[in-house]
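These notes are about the structure you will find just below.
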Amino acid sequence: MALDIAPTLRSNITDFPNGVTSFGIPVIGSGAGIPVTTGSYFFVDSSLGLSGNAGTSPSTALATVDQAINKCTAGKGDVIVCMPGHAEAVTATSIALDVAGVQVVGLGFGLNRPTFTYTSATGSTITVSAANCSWRGCHFIGNLDNVVTAFTIGAAKDFVLSGNTFADNSNALHFLSIVTVGTTDNAADGLQVAGNSWWGLAVAPAAFISITGDLDRLVVADNFAQMASTDDEGHFITLTADTVRAARILRNMLDVTGSTGAAVGIFLTGSATDCSGVCAYNLVASLDTTAELITTAGTGLRFFENYYTGTADASGKLWPVVDVA
C-alpha cells in the first residue's frame, strides 16, 4: 500500500510564520517563486503597500523594498517578496541591501514582474553591503542618460544576482553597467551573476560586469547581453588590473555591435596576469573580423570551447584556435 504523505507536505509548505498561510501553495519553491526559509517573509506591493504596515502578508504589504529590508534580521534567512506589478523608482539612496542573509524575490511573469526604474540621477543604484544576500526575478529599466550601474557591490561576500532582466529605454536613456564591484580587494568574494539578460542600447557603455577589486570564487554563468556598443573594449566583463581566482565564466552569450578592428578582448579584458579559473562555452558575436579577440591575452584564465563570429549569418568558430601541433 502506498504511503500517503500529501497531508504532511501540505502542512509543511503552508504553515509559514507571520501569517503567510493564506498566500497559497503554488508560489512556494526554490526555483521561480518564494523560497522556503526558517526566517520571516515580508511582502512589498506599490499598489496596496503602506510604509506603516507590518509587511508580513500581501494584505499588509510594505510600499518599498528598503522598508522591508529595514524589518529584516541579519543572518536569519529573511525573504522579501515583491508582488506582481510592483513598481519602484531607484535613486542613489533608495535601496540599500545592508542586512546579511536577505533574499529579494520577484513574483509574476513578463512585464508583470516587479519593475525598478532608474530615473533620478546617473548615480542611481542599488547598493549591496551585506553578506549572503540575493536578488532574483525582477525587471530593471535604465531611463536616464548614463546610469553608471544598476547594482553596486561593496562589502558583500557571496551575493547572488539571478534570473533578472535589464533593459535600456533608448540610446540616450540607458545603463553603463549592470554590476560594478567596488575597489576593496576580496570584499565581494563569491559573487554570482547567473541567468540574467541585458538589452543595452548605449553606443558607449562600460561592461555588463565591471570588477575594480580582486575577487575570489567569481561565477558568471548563463547570462545574455545584446549590446549596441561600438566601443573597442571588453563588453561583457572588465577586470581592469584586478585578479580573479577560482573563476567560472560559463555559457554566456554576447551579441555586440563592437568595432571592426578591436584591439582588446571583446568579451573580457584585464591587465592582471595571475587570474585563475575556467572560461568555457561562451558565444560571442561582434563586427570585428581582424583580430577576433574574445579576451585580452595573458590573464591566466583557462579557455575551453568558446566560439566567436564577426560575420552575420555565419556560424562561430572556436577561439582560441586549436593547436594541433
Side-chain angles (χ1 to χ4, degrees), residues 16 18 20 23 27 32-35 37 39-109 111-121 123-144 147-156 158-167 175 178-180 193 196:
F16 287 89
N18 302 316
V20 187
F23 195 62
V27 297
I34 304 174
T37 183
S40 299
Y41 293 85
F42 297 101
F43 292 82
V44 177
D45 188 339
S46 58
S47 297
L48 303 173
L50 297 171
S51 60
N53 281 349
T56 53
S57 71
S59 61
T60 63
L62 297 155
T64 70
V65 169
D66 208 60
Q67 291 168 6
I69 293 170
N70 290 337
K71 288 183 175 290
C72 293
T73 302
K76 188 181 176 184
D78 291 346
V79 176
I80 295 171
V81 181
C82 299
M83 297 293 287
H86 174 71
E88 188 168 339
V90 178
T91 72
T93 58
S94 61
I95 303 177
L97 189 48
D98 55 3
V99 179
V102 171
Q103 301 179 69
V104 181
V105 178
L107 299 184
F109 295 93
L111 295 183
N112 191 40
R113 289 168 300 154
T115 301
F116 296 82
T117 305
Y118 299 64
T119 60
S120 66
S124 298
T125 190
I126 294 172
T127 60
V128 184
S129 60
N132 309 317
C133 293
S134 67
W135 196 306
R136 64 177 171 84
C138 295
H139 183 59
F140 302 85
I141 300 172
N143 195 41
L144 187 76
V147 176
V148 174
T149 187
F151 280 81
T152 300
I153 316 301
D158 297 298
F159 176 65
V160 177
L161 184 70
S162 65
N164 303 285
T165 54
F166 299 83
F175 296 109
I178 300 304
V179 177
T180 299
V193 181
N196 304 283

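- His139 and Thr165 are linked by a side-chain donor-acceptor pair at a separation below 3.5 angstrom, with hydrogens and angles left out of the test.
- With rounding to the nearest 0.5 angstrom, the CZ atom of Phe159 is 6.0 Å from the CG atom of Leu97.
- Heavy atoms only, all atoms of each residue included: Ser51 and Ala63 are closest at N-CB, 4.4 Å.
- Residues satisfying the side-chain contact (heavy atoms from CB on, under 4.5 Å) test with Ala96, not counting sequence neighbours, are Asp66, Asp98, Thr127.
- Atom OH of Tyr41 sits about 10.0 Å away from atom CG of Asp78, to the nearest 0.5 Å.
- Note that NE2 of His86 and CG of Leu62 are 10.0 Å apart. Values are rounded to the nearest 0.5 Å.
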task = Assess whether ring-ring contact (aromatic ring centres under 6.0 Å, His included) is satisfied between Phe151 and Phe140, documenting all intermediate values.
result = CA-CA 10 Å; Phe151 280 81; Phe140 302 85; 5.4 Å; yes

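- Closest heavy-atom contact between Ala130 and Ala100: CB-N, 3.4 Å.
- Side chain of Thr37 to main chain of Gly77: a donor-acceptor pair is present (N/O by atom type, distance under 3.5 Å, no hydrogens or angles).
- The backbone N or O of Thr91 sits nowhere less than 3.5 Å from a side-chain atom of Ser120 that would complete a donor-acceptor pair.
- The closest side-chain heavy-atom distance from Met83 to Leu48 is not below 4.5 Å.
- Panel note: side chain Thr115, backbone Arg113; a donor-acceptor pair is recorded below 3.5 Å.
- A distance of 9.0 Å separates OG1 of Thr64 from CZ of Phe116, quoted to the nearest 0.5 Å.
- With a 4.5 Å cut-off on side-chain heavy atoms, Val179 and Leu161 count as touching.
- With hydrogens and angles disregarded, a donor-acceptor distance shorter than 3.5 Å links the side chain of Asp45 to the backbone of Ser47.
- Gly106 approaches Pro114 most closely through the heavy-atom pair CA-CG, 3.6 Å.
- For the side chain to side chain contact (heavy atoms under 4.5 Å, CB included) with Ile95, the qualifying choice from Val128, Val65, Val104 is Val65, the only one to do so.
- Atom OG1 of Thr119 sits about 6.5 Å away from atom CG of Asn143, to the nearest 0.5 Å.
- In terms of heavy atoms, Cys72 sits closest to Phe42 at SG-CD1, 3.9 Å.
- Side chain of Asp158 to backbone of Ala131: no donor-acceptor contact under 3.5 angstrom is found.
- Of all heavy-atom pairs between Asn196 and Gly163, the closest is OD1-N, 3.3 Å.
- Inter-residue side-chain proximity for Tyr118 and Val90 is flagged as met; some heavy-atom pair is nearer than 4.5 Å.
- For the pair Ser40/Thr73, no side-chain contact is recorded, criterion being any heavy-atom separation below 4.5 Å from C-beta on.
- Considering every non-hydrogen atom in both Phe175 and Ala150, the closest pair reads CE2-CB, 3.8 Å.
- Under a 3.5 Å cut-off, the side chain of Asn164 and the backbone N or O of Ser162 do form a donor-acceptor pair.
- Judged by distance alone, the side chains of Thr149 and Thr152 never bring a donor and an acceptor atom under 3.5 Å apart.
- Side-chain atoms of Thr125 and Val148, non-hydrogen and from C-beta on, never get closer than 4.5 Å to each other.
- For the pair Cys138 and Glu88, the minimum side-chain heavy-atom distance is 4.5 Å or more.
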